[in-house]
Amino acid sequence: MFDKVLVANRGEIAIRVMRACKELGISTVGVYSDADSNALFTKYADEAYAIGEPPASKSYLNIDKILDVAEKSGVDAIHPGYGFLSENANFADACDKAGITFIGPPSEAIRKMGSKISAREIMEKAGVPVVPGTGEPIDNVDEAMEIADSIGYPVMIKASAGGGGIGMKVVHSKEKFAASVRSIQSVAKSTFGDPTVFIEKYLPEPRHIEFQILADKYGNTIYVSDRECSIQRRHQKLIEEAPSPVMTPEFRETMGEAAVKAAKTINYENAGTVEFLYSKGDFYFLEVNTRLQVEHPITELITGIDLAKDQLKIAYGEELPYKQDDIKINGCAIECRINAEDPLNDFAPSPGKIRRYRSAGGPGVRVDSGVHVGYTISPYYDSMISKLSVWGRDRDEAINRMKRALYEYVVVGVTTNLPFHRAVLSNSEFKEGNLTTHFIEDNNILEEVKKIVDADSKASRTLASALDDYNPKVAAVAAAVKSYMESTQELDRRKPK
Ligand code: ADP
């Protein structure tokens, strides 16, 4: 096994990977930006090195600086976590060139999946169903309009290089089409440096269902169950669960085999995720995430597999220790992404200092986090506080357990999305498993959130006014004590010596 691994990431995922290393007896090296010099992960690492100031382009995305630390500290391998350099094929190549193992797939697989257009084309050729649409970049808006007409509105305009829910727009009518293409082209150019866009059919009432993949260097590729990630805001996931409530063993096999086919087509190695949209009984390939996902803990909870440790073992050259039939699903797991953001202000990030913090615990609860009391959530990075995951013997138990865990969770100092999670977990449609990517709007979740926030602030107002009431009384008691002490001293003085 590797002796020493550098984790080129921050926050909870840096700690998650270092935990896996610790269990395997591997020493860890952390890298951090000036904004993170006091973060937990820098202390968790056996060695940690500063790599520059925020934003990420000057530190976590700076390949030279990271490789410099890797060489200086003498690591065998680099784990990129998620985000940052995790899906950067040039970084994987640079690691190879430096003789350091990149813990992830071969750069060629990353490159092929880095462009959504090329990914669609490859999967279509391999016989994996893709969302109806164009496989071609849009050059000419008039021509594209004809294509959109033939697909039928609503359509989705997507940036080929897009990610993280950025660079996509739903267009409901011809009138808005040309302006929408131009707006996505400009977002794509400024955010991803590539203005290429294409069109897809906007699927009605879709569910986001994805498959975890594990593949070793010897051609063994398996799917490790499914996850449903339909509860999203701005096309970004907030609550995930495993397995999907719509999954049957037969359907899992069909989708899982399609996911394995997708992975094999690009000679995939290591852990990855094949994402699909599911709509009205059919499923369509969306993309491959060539890294460990944020939501990997729920798969670990229902299968007992440690995906981060398997990543290290596969990268080291070990053979997968399981066959497809060895993968058994036990119960149900749910993950809530606890973010410092305000659901009632369009989920805007709410960076700041955490003044009080108590995470949930007890049976079946897992918290992946990198924060503590006094920690400042920086405006430079994502606003995640933690990933709260629970396991239950069945979905009902998992839901009730998550409600209990959310009740226990206390974060003071920043606005969080805890009320949002409470609202969703208490929703009857959620309990029924009736999920779509429009769940928040279709179920008026934000109205429920407002009620919860109002009730919370009413409770804190009541507390504040009780304290106001109480404080003068405390002051009066203190004054009385003082005057009593003074009078007894007076008496003392008067006592005959
Ligand atoms: P990103 O790479 O930015 O994460 P994805 O292509 O994975 O983007 O899509 C993110 C989300 O956007 C999906 O989970 C889904 O909610 C929505 N979405 C994407 N494509 C479509 C589509 N063709 N029809 C309906 N919803 C879509």
Side-chain angles (χ1 to χ4, degrees), residues 82-84 86-88 110 112-124 128-135 138 144 147-148 151-172 177 180-181 184 187-188 190-194 196-212 226-241 244 246 255 259 262 272-295 335 337 347 382 435-442 445:
Y82 53 68
F84 296 136
S86 61
E87 293 181 284
N88 184 318
I110 302 179
K112 282 180 179 157
M113 295 298 103
S115 140
K116 287 185 198 282
I117 292 182
S118 117
R120 278 178 60 96
E121 204 181 317
I122 292 169
M123 294 308 159
E124 206 169 6
V128 179
V130 301
V131 182
T134 58
I138 296 183
I147 296 168
I151 295 173
Y153 286 91
V155 296
M156 203 162 194
I157 299 169
K158 280 190 178 178
S160 184
I166 300 167
M168 59 175 81
K169 198 174 176 98
V170 187
V171 186
H172 291 274
F177 186 81
S180 302
V181 168
I184 292 298
V187 168
S190 62
T191 317
F192 308 107
D194 173 5
T196 313
V197 298
F198 66 105
I199 319 169
E200 262 179 11
K201 172 84 190 149
Y202 185 63
L203 295 174
E205 297 173 8
R207 301 174 77 121
H208 176 119
I209 298 177
E210 59 186 34
F211 275 73
Q212 178 68 51
D226 49 295
R227 295 184 285 256
E228 167 132 14
C229 316
S230 298
I231 309 290
Q232 308 179 345
R233 52 115 173 80
R234 289 197 292 271
H235 307 301
Q236 285 175 307
K237 303 158 187 169
L238 280 179
I239 301 178
E240 300 96 340
E241 62 179 280
S244 163
V246 286
M255 281 185 86
T273 295
V274 184
E275 296 190 334
F276 297 101
L277 284 182
Y278 167 93
S279 178
K280 302 192 185 303
D282 291 318
F283 67 93
Y284 308 89
F285 169 84
L286 200 54
E287 64 172 347
V288 178
N289 286 140
T290 54
R291 55 171 162 84
L292 193 64
Q293 300 270 97
V294 173
E295 59 272 23
E335 175 186 88
R337 300 189 188 193
F347 295 93
D382 71 38
L435 314 179
T436 75
T437 58
H438 311 141
F439 184 88
I440 299 177
E441 304 83 53
D442 292 352
I445 292 298

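One-based numbering, in listed order, for ligands and for the atoms of each.
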Could you walk me through whether R227 and E335 satisfy the salt bridge (Lys or Arg N to Asp or Glu O under 4.0 Å) test, starting with their C-alpha distance in whole Å, then the side-chain angles of each, then the deciding distance to 0.1 Å, before giving a yes or no?
CA-CA 10 Å; R227 295 184 285 256; E335 175 186 88; over 6 Å; no
Polar pairs, ligand 1 vs protein, N/O only, below 3.5 Å.
unit_1	atom_1	unit_2	atom_2	d
ligand 1	2 (O)	K116	NZ	2.5
ligand 1	2 (O)	E287	OE1	3.3
ligand 1	2 (O)	E287	OE2	2.9
ligand 1	3 (O)	G164	N	3.1
ligand 1	3 (O)	G165	N	2.6
ligand 1	6 (O)	K116	NZ	3.3
ligand 1	6 (O)	K158	NZ	3.2
ligand 1	7 (O)	E275	OE1	3.2
ligand 1	7 (O)	E287	OE2	2.7
ligand 1	8 (O)	K116	NZ	3.4
ligand 1	12 (O)	H235	ND1	3.4
ligand 1	14 (O)	H208	ND1	2.8
ligand 1	14 (O)	Q232	NE2	2.8
ligand 1	16 (O)	Q232	OE1	2.7
ligand 1	20 (N)	K158	NZ	2.8
ligand 1	23 (N)	E200	OE1	2.9
ligand 1	23 (N)	K201	O	2.9
ligand 1	24 (N)	L203	N	3.0

Residue pairs passing the side-chain hydrogen bond (donor to acceptor under 3.5 Å, both in side chains) test with at least one member in residues 159-170, sequence neighbours excluded, are S115-S160
Calculate, to the nearest 0.5 Å, the distance between atoms CZ and CD belonging to R337 and E295 respectively.
5.0 Å
Paired with K237, the side chain to side chain donor-acceptor pair (under 3.5 Å) test is passed by just one of E210, Q232, E228, namely E210
If every non-hydrogen atom of V288 is compared with every non-hydrogen atom of E87, which pair is closest and at what distance?
O-OE2, 4.2 Å
Distance check, rounded to the nearest 0.5 Å: S86 atom OG versus N289 atom CG?
8.5 Å
